[in-house]
A.B. asks: 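Pasting a structure here, questions to come.
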Amino acid sequence: MADADAVTYQAQDRNLALDLVRVTEAAALAASRWMGRGNKIEADGAATEAMRRAFDTMQIDGTVVIGEGEMDEAPMLYIGERVGAGGPAMDIAVDPLEGTTLTAKGGPNALTVIALAERGKFLHAPDCYMDKIAVGGGLPAEIVHLDAKVEENLRNLARAKKRDVSDLVLCTLDRDRHAEIIARSREIGARIMLLPDGDVAGVIAAALPDSDVDIFWGIGGAPEGVIAAAALRCSGGQMQGRLMFEDEAQLERSRGMGITDPKRVYRIEEMAGGDVMFAGTGVTSGAMLRGVRRFGHGAITHSIVMRSKSGTMRYIEAHHNFETKTWTKW
């Protein structure tokens, strides 16, 4: 590639990263109007509609591979939907509002998130559960494993981090299905952080250098698992996931999406490969991002944007003036 072409390519990439943040900002601003109002459906709908409109300004030829459901189940951002104003072919994984219940109740850690990758680089995960385990970067490969015992994983992780097990914090969703992980972790002295909802933030927190979380382990949504894997690809973390099927219908649907081994443990590159970009904007404040702060005719948003190719992680605080935003209603 000639020097001039390389400079042009890099400039386009930077513009794409900024455009990606604008999409998550739009969704977060729309959802923030429903914070604490007790209606998660309206909050999710507002975020989804705003995100879809914002996609129309991006110079990409995007296909949603992780979205709000199938075409006959979701009015917008469904799996297979084409978005963007034209440009490079990209696969898109979206969660317009990660933490709909959190938003409705005014709880912490609600986010709007998007990941982009080259065509064919995201695992086409069906709408089922996924068992997930994630840690940060700078550790030996496969320092933890889904099939290892809780005690083994925590002791190996503590040894690699040169800490005692009692120094570690394990994050998981507050669900009955995690009772054994929680009990065994407590028995050997590890500390626990329980999330009411929204495990994407928990997975990402395990890989952030200034986070209080050392490991995420637990079962949550498979689409959210792919999005979290994209973020960890950018931040240098490790992650594994195994799809979990509740019935034959889910198994059959997964076969139609190219999944031949239902018990396979997917590594992070198999869930989100190639050159990945990730962006997220806080709707309500949490450990990773501050929530939307509204005032008069404007608002302030706090976002993160990351890219796997460069390993760059940027936090962006944006001040929005609603009187000059003419293309959508906030």
A.B. asks: Does the side chain to side chain contact (heavy atoms under 4.5 Å, CB included) test come out yes or no for Tyr78 and Val64, once each step is laid out?
C.D. replies: CA-CA 7 Å; Tyr78 54 82; Val64 177; over 6 Å; no

A.B. asks: Determine whether Gln238 and Leu232 satisfy the following criterion, side chain to side chain contact (heavy atoms under 4.5 Å, CB included), listing intermediate values before the conclusion.
C.D. replies: CA-CA 7 Å; Gln238 298 183 34; Leu232 263 66; over 6 Å; no

A.B. asks: Does anything in residues 210-233 pair up under salt bridge (charged side-chain N to carboxylate O under 4.0 Å, His left out), and if so which pairs, sequence neighbours excluded?
C.D. replies: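 Qualifying pairs, neighbours excluded: Lys161-Asp214, Arg163-Asp214.
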
A.B. asks: Of all residues at least two apart in sequence or in a different chain, which pass the side chain to side chain contact (heavy atoms under 4.5 Å, CB included) check with Ala148?
C.D. replies: His145, Glu152, Asn153

A.B. asks: Which atom names give the shortest non-hydrogen contact between Val276 and Ala230, and what distance separates them?
C.D. replies: CG1-CB, 3.6 Å

A.B. asks: How would you list all residue pairs meeting salt bridge (charged side-chain N to carboxylate O under 4.0 Å, His left out) that involve residues 89-108, not counting sequence neighbours?
C.D. replies: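 Sorted pair list: Asp91-Arg119.
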
A.B. asks: Could you tell me whether Met90 atom CE has more than 12 heavy atoms of other residues or ligands within 6.0 Å of it?
C.D. replies: yes

A.B. asks: Would Arg22 and Thr57 count as having a side-chain donor-acceptor pair, cut-off 3.5 Å?
C.D. replies: no

A.B. asks: Scan Ile182, Ile181, Val203, Thr172 and name whichever one has a side chain to side chain contact (heavy atoms under 4.5 Å, CB included) with Trp217.
C.D. replies: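 With Trp217 as partner, Ile182, Ile181, Val203, Thr172 yield a single side chain to side chain contact (heavy atoms under 4.5 Å, CB included), made by Ile181.
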
A.B. asks: For Thr281, is there any backbone N or O sitting under 3.5 Å from a side-chain donor or acceptor partner on Ser303?
C.D. replies: no

A.B. asks: Using modelled atom types and a 3.5 Å cut-off, is there a donor and acceptor pairing between side-chain atoms of Thr284 and backbone atoms of Thr103?
C.D. replies: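 Between the backbone of Thr103 and the side chain of Thr284 there is no qualifying donor-acceptor contact (under 3.5 Å).
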
A.B. asks: Would the distance check show the side chain of Ser211 and the main-chain N or O of Leu208 forming a donor-acceptor pair, the cut-off being under 3.5 Å?
C.D. replies: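 Between the backbone of Leu208 and the side chain of Ser211 there is no qualifying donor-acceptor contact (under 3.5 Å).
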
A.B. asks: How far apart are the closest heavy atoms of Gln250 and Cys128, and which atoms are they?
C.D. replies: OE1-CB, 3.5 Å

A.B. asks: Given side chain to side chain contact (heavy atoms under 4.5 Å, CB included), test Met271 with Met130 step by step and report yes or no.
C.D. replies: CA-CA 12 Å; Met271 291 186 279; Met130 177 186 282; 3.9 Å; yes

A.B. asks: Give a yes or no on whether a salt bridge exists between Arg184 and Glu180, defined as a side-chain N under 4.0 angstrom from a carboxylate O.
C.D. replies: yes

A.B. asks: Does the side chain of Asp147 come within less than 4.5 Å of Arg242's, by heavy atoms?
C.D. replies: yes

A.B. asks: Would you say Arg294's side chain and Ser32's backbone share a donor-acceptor pair under 3.5 angstrom?
C.D. replies: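 No, because the side chain of Arg294 does not come within donor-acceptor range (under 3.5 Å) of the backbone of Ser32.
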
A.B. asks: Got a salt bridge between Arg37 and Glu42, using NZ or NE/NH1/NH2 to carboxylate O under 4.0 Å?
C.D. replies: no

A.B. asks: Apply the test side chain to side chain contact (heavy atoms under 4.5 Å, CB included) to residues Thr48 and Leu97: give CA-CA distance (whole Å), side-chain angles for both, the deciding distance (0.1 Å), then the verdict.
C.D. replies: CA-CA 7 Å; Thr48 304; Leu97 185 54; over 6 Å; no

A.B. asks: Working to the nearest 0.5 angstrom, can you tell me the gap between Leu123 CG and Leu243 CG?
C.D. replies: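 Between atom CG of Leu123 and atom CG of Leu243 there are 6.0 Å.
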
A.B. asks: So, the side chain of Asp44 versus the backbone of Ile41: is there a donor-acceptor pair under 3.5 Å, distance only?
C.D. replies: no

A.B. asks: So how far is it from Asn109 CG to Asp199 CG, rounded to the nearest 0.5 Å?
C.D. replies: 11.0 Å

A.B. asks: Can any side-chain N or O of Ser285 pair as donor or acceptor with the backbone N or O of Gly291 at less than 3.5 Å?
C.D. replies: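 Indeed, once roles are kept as given, a pair shorter than 3.5 Å links the two residues.
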
A.B. asks: Specify the closest pair of heavy atoms between Ala26 and Ala50, including all atoms of both residues, with the distance to one decimal.
C.D. replies: O-CB, 3.5 Å

A.B. asks: Return the CG to OG1 distance between Asn39 and Thr100, rounded to the nearest 0.5 Å.
C.D. replies: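 So the gap between those two atoms works out to 10.0 Å.
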
A.B. asks: What distance do Ser235 atom OG and Ile204 atom CD1 have between them, rounded to the nearest 0.5 Å?
C.D. replies: 7.5 Å

A.B. asks: Determine yes or no for a side-chain-to-main-chain donor-acceptor pair under 3.5 angstrom, with Asp275 supplying the side chain and Glu118 the backbone.
C.D. replies: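 No, the answer is negative, given that no donor and acceptor are paired below the 3.5 Å cut-off.
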
A.B. asks: Roughly how far apart are Tyr266 OH and Asp261 CG, rounded to 0.5 Å?
C.D. replies: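 Rounded to the nearest 0.5 Å, the OH-CG separation comes out at 7.0 Å.
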
A.B. asks: Which value, rounded to the nearest 0.5 Å, describes the distance between Ile192 atom CD1 and Leu170 atom CG?
C.D. replies: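 Result: 4.5 Å between the selected atoms.
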
A.B. asks: Could you pull out the closest heavy-atom pair between Ala28 and Gly282, with the gap in Å?
C.D. replies: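 Smallest heavy-atom distance, with atoms named: CB-O, 3.9 Å.
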
A.B. asks: Can you check whether Ser166's main-chain N or O pairs, donor with acceptor, with Asp164's side chain at less than 3.5 Å?
C.D. replies: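 Side chain of Asp164 to backbone of Ser166, a donor-acceptor pair under 3.5 Å: no, none is there.
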
A.B. asks: For Val305 and Ala17, work out which heavy atoms get closest and say how close.
C.D. replies: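 Where Val305 meets Ala17 most closely, the heavy atoms are CG2-O, 3.9 Å.
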
A.B. asks: Give the minimum heavy-atom separation between Ala160 and Ile143, together with the two atoms involved.
C.D. replies: CB-CD1, 3.9 Å

